[in-house]
Every structure is written in structure tokens, then in C-alpha cells.
Engineer: 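Supplied in C-alpha cells, the structure appears directly below.
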Amino acid sequence: MTTPWIDTLLFGIYPYICLAVFFIGSWARFDRDQYTWKSDSSQLLRTGSLRWGSNLFHIGVLFLFFGHTFGMLTPHVLYEHFISAGNKQLMAMVSGGVAGLCGFLGVSILLHRRLSDARIRATSKTSDIVLLILLWLQLALGLATIPLSAQHLDGSMMMKLAEWGQRVVTFRTGGVELLAEAGWIFKAHMFLGMTIFLVFPFTRLVHVWSGFGTLAYVLRPYQVVRARRMNLPAGHMQPQDRRA
């Protein structure tokens, strides 16, 4: 059990530090170091286990990201007529457990690949290895919260964690007090999740922005492509009257 001032520091102040660094740092890196804005894939060095590790990791993590985002930041009043808090928690435990296991297996394969292959290890940055370790720990902690969630099948703890997240993003006070009864695994999972946002701009994770940016292509107008032929007079493509 942490003391109130530590809770205030970690869950009342630290979230805003992480969000500020996340947004400002991402903007600054895109503005100043666009040549480093890439995924730095090591596929050319060795494919093998990369296919399994990368696919499992991305499928699991993307599901968890959107699940956490909508699950925590959607007010309960918007869905309470369709699903109860207890049923929502049970659904989150099952679906999150499957996705978390996929992500955990995937990041384990990627971490083993990066540490065990001499060529890949030699071309890896320190940030690459640290990031994989952080993601491995975060997914492990996430899976560890499932047995604890089973002790609160009425959804009461989930509602408190969601209310904390909603108060953080809406700049409202009183969120820290909601975490008084949360176990240390929940708090460690939340702290490490915020830390990943903190280091985001300084790692290869920035390529995630580009992935979301591709959605803009849906709204992009069609490109008009015209043939360009050399040594032809202007207006040669215009229809001509051949009745004469």
C-alpha cells in the first residue's frame, strides 16, 4: 500500500508529465529528425521468427490499445443500458486475456530474437532492447491483473480505474482517491503504461503515428493522372470534327 503523497505524485502529476512529453516530444522529433521517424525493421537480417513474433505482438497490442482506450474513457452512462459493469469486466477479462497472451508471446519472441541473434543484437539500439523489456513487463503485469479482477466481478474496481482515467483526460480532480483500494499490481501496470507514453517519442514507437496517419488516405481526393507525350502539339488530345 503506497502513501497518499506517492499516489498523488504517480497518479495525479505523473500522468500529465507523460502526456506532455508524449505529444510535444512526438511533434519535436517529427519536426527536427524526420529521417529517424521509422520502424527500423530488422527483417532483412533474418525473417524467420519475426513473422510470428511481429504478427502476434501487433494483433494483441492493437486490440489491447483500443480496448483500454474505449473501455476506460467511455463514460458508464453511455453503455449501462446495454451491458452491466460486471458483464463488461468479464468480457474485458476474457478478450483482454486472449489478446494479452498473444501480445506477450509475440514480444517474447521478438525479445529473444533480438538478444540471441548476434547480427541483430549488433545493429540494435539500447532503446530497442529497453522498449521490448518494458513492453514484456507491461504485458506480464496486464495478465497478472486478471486473477485480481476475478475478485471484483461486480465491476466496482474497473469502474474506479475507468473514472480515474476519465478524470485525468478531462483535467478533473479527485481521481487519485479512487485508487486507494487498488492493488499494487494494478498500480504497477498503470505506472508502466504511462512510462511507455513517456519514452514513446524517443523510440521506434513513433512509427505508430504514421500508421494512424494512413487513415487520412480514406478522405484524400482522387488523383488525376494524365499521359505526357513528348513532341506533340498542344491540343492534340482534343476531339476533332472529321465530317469535312
Side-chain angles (χ1 to χ4, degrees), residues 7-8 10-23 26 57-104 135 138-198 200 205 208-216 218-219:
D7 279 345
T8 300
L10 297 183
F11 305 108
I13 299 174
Y14 188 60
Y16 295 107
I17 297 175
C18 295
L19 288 174
V21 174
F22 172 69
F23 287 110
S26 296
F57 171 73
H58 283 91
I59 291 172
V61 166
L62 286 175
F63 183 91
L64 292 171
F65 173 78
F66 288 108
H68 279 69
T69 300
F70 291 104
M72 290 192 65
L73 301 185
T74 303
H76 180 61
V77 68
L78 296 181
Y79 60 82
E80 62 181 348
H81 299 294
F82 306 99
I83 183 172
S84 65
N87 288 334
K88 179 190 174 185
Q89 175 163 318
L90 186 60
M91 181 179 66
M93 289 169 58
V94 174
S95 60
V98 173
L101 185 59
C102 288
F104 182 76
L135 292 171
Q138 177 67 348
L139 288 166
L141 285 171
L143 291 172
T145 63
I146 295 178
L148 295 180
S149 298
Q151 301 175 12
H152 306 278
L153 291 179
D154 59 349
S156 58
M157 181 56 65
M158 180 189 66
M159 289 294 99
K160 292 180 180 180
L161 298 177
E163 180 64 21
W164 168 82
Q166 292 167 28
R167 293 197 180 202
V168 167
V169 298
T170 54
F171 301 98
R172 288 182 292 157
T173 60
V176 177
E177 290 76 6
L178 297 171
L179 305 180
E181 299 179 2
W184 71 268
I185 294 181
F186 282 115
K187 292 183 177 181
H189 183 57
M190 295 162 62
F191 173 78
L192 195 55
M194 292 184 290
T195 302
I196 291 175
F197 277 91
L198 181 71
F200 182 99
L205 281 179
V208 176
W209 283 117
S210 299
F212 288 122
T214 57
L215 299 176
V218 178
L219 304 176

Engineer: In terms of the angle between their ring planes, are Y14 and F191 parallel, tilted or perpendicular, with boundaries placed at 30° and 60°?
Structural biologist: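 Judged by the thresholds at 30° and 60°, the geometry between Y14 and F191 is parallel.
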Engineer: Search all heavy atoms of T8 against all heavy atoms of V176 and return the closest pair with its distance.
Structural biologist: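 In this case the closest contact between T8 and V176 is N-CG1, 3.9 Å.
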Engineer: Show the nearest heavy-atom pair for residues G96 and L64, with the distance to one decimal.
Structural biologist: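 For G96 and L64, the tightest heavy-atom pair comes out as O-CD2, 3.7 Å.
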Engineer: Search all heavy atoms of L10 against all heavy atoms of M194 and return the closest pair with its distance.
Structural biologist: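 Heavy atoms only, the tightest pair is O-CE, 3.4 Å.
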Engineer: Hey, what do you get for CD (Q166) to OG1 (T74), rounding to the nearest 0.5 Å?
Structural biologist: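 Between atom CD of Q166 and atom OG1 of T74 there are 7.5 Å.
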Engineer: Calculate, to the nearest 0.5 Å, the distance between atoms CE and CD belonging to M159 and E80 respectively.
Structural biologist: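 The CD atom of E80 is 10.0 Å from CE of M159, to the nearest 0.5 Å.
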Engineer: Taking the side chain as every heavy atom from C-beta outward, state whether V208 and F200 have any atom pair closer than 4.5 Å.
Structural biologist: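 Side chain of V208 against side chain of F200, heavy atoms only: contact under 4.5 Å found.
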Engineer: Which class fits the ring pair W164 and F11: parallel under 30°, tilted 30 to 60°, perpendicular over 60°?
Structural biologist: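 Rings of W164 and F11: perpendicular, as their planes differ by over 60°.
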Engineer: Give a yes or no on whether the ring-centroid distance for H76 and Y79 is below 6.0 angstrom.
Structural biologist: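 Ring centroids of H76 and Y79 are less than 6.0 Å from each other.
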Engineer: Can you tell me how far the CD1 atom of I185 sits from the CD1 atom of I146, to the nearest 0.5 Å?
Structural biologist: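 Spacing of CD1 (I185) from CD1 (I146) equals 11.5 Å.
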Engineer: Would you mind reporting whether K187 and D7 have side-chain heavy atoms less than 4.5 Å apart?
Structural biologist: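 Answer yes - side chains close enough.
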Engineer: Quick one: which of F22, F171, F197 gives a ring-ring contact (aromatic ring centres under 6.0 Å, His included) with Y16?
Structural biologist: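 That would be F171; it is the only one of F22, F171, F197 passing the ring-ring contact (aromatic ring centres under 6.0 Å, His included) with Y16.
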Engineer: Are the side chains of M93 and L153 in touch, meaning some heavy atoms are under 4.5 Å apart?
Structural biologist: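 When only atoms from C-beta onward are counted, L153 and M93 do touch, with a gap below 4.5 Å.
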Engineer: Looking at every heavy atom in both L198 and I17, which two are closest together, and how far apart are they?
Structural biologist: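 Distance-wise, the nearest heavy atoms are CD1-O, 4.3 Å.
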Engineer: How many angstroms lie between SG in C18 and CD1 in I13, if you round to the nearest 0.5 Å?
Structural biologist: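 Nearest 0.5 Å value for the SG-CD1 distance: 12.0 Å.
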Engineer: First locate atom CG of L135, then atom CD1 of I196, and finally report the distance between them rounded to the nearest 0.5 Å.
Structural biologist: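 Nearest 0.5 Å value for the CG-CD1 distance: 5.0 Å.
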Engineer: Using only atom types and a distance under 3.5 Å, with no angle test, would you say the side chain of T145 pairs donor to acceptor with the backbone of G142?
Structural biologist: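 Here the side-chain-to-backbone pair exists.
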Engineer: Which pair of heavy atoms, one from E181 and one from M157, lies closest together, and at what distance?
Structural biologist: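 Reported closest heavy-atom pair: O-CE, 3.6 Å.
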Engineer: Which heavy atom of D154 sits nearest a heavy atom of A85, and at what distance?
Structural biologist: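 So the two residues come closest at O-CB, 3.9 Å.
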Engineer: Mind telling me whether F66 and F70 have parallel, tilted or perpendicular rings, with 30° and 60° as the class edges?
Structural biologist: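 The rings of F70 and F66 lie parallel, inter-plane angle below 30°.
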Engineer: Q89 versus S149: any side-chain heavy-atom pair under 4.5 Å?
Structural biologist: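 Sidechains of S149 and Q89: in contact.
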Engineer: NE2 of H152 to CZ of F186: how many Å apart, nearest 0.5 Å?
Structural biologist: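 That separation rounds to 6.0 Å.
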Engineer: Ion pair present between E163 and R172, side-chain N to carboxylate O less than 4.0 angstrom?
Structural biologist: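 Yes, this pair counts.
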Engineer: Assess the residue pair L161 and L179 against the criterion (side chain to side chain contact (heavy atoms under 4.5 Å, CB included)); give the C-alpha distance rounded to whole Å, side-chain angles, the decisive distance to 0.1 Å, and a yes or no.
Structural biologist: CA-CA 7 Å; L161 298 177; L179 305 180; 3.6 Å; yes
Engineer: Within a 6.0 Å radius of atom CZ on F104, are there more than 12 heavy atoms belonging to other residues, nucleotides or ligands?
Structural biologist: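 Yes - once you tally the heavy atoms of other residues, nucleotides and ligands closer than 6.0 Å, there are more than 12.
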Engineer: Hey, is the main chain of G71 close enough, under 3.5 Å, to the side chain of K88 for a donor-acceptor pair?
Structural biologist: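 Yes; judged by distance alone, with no hydrogens or angles, the pair exists.
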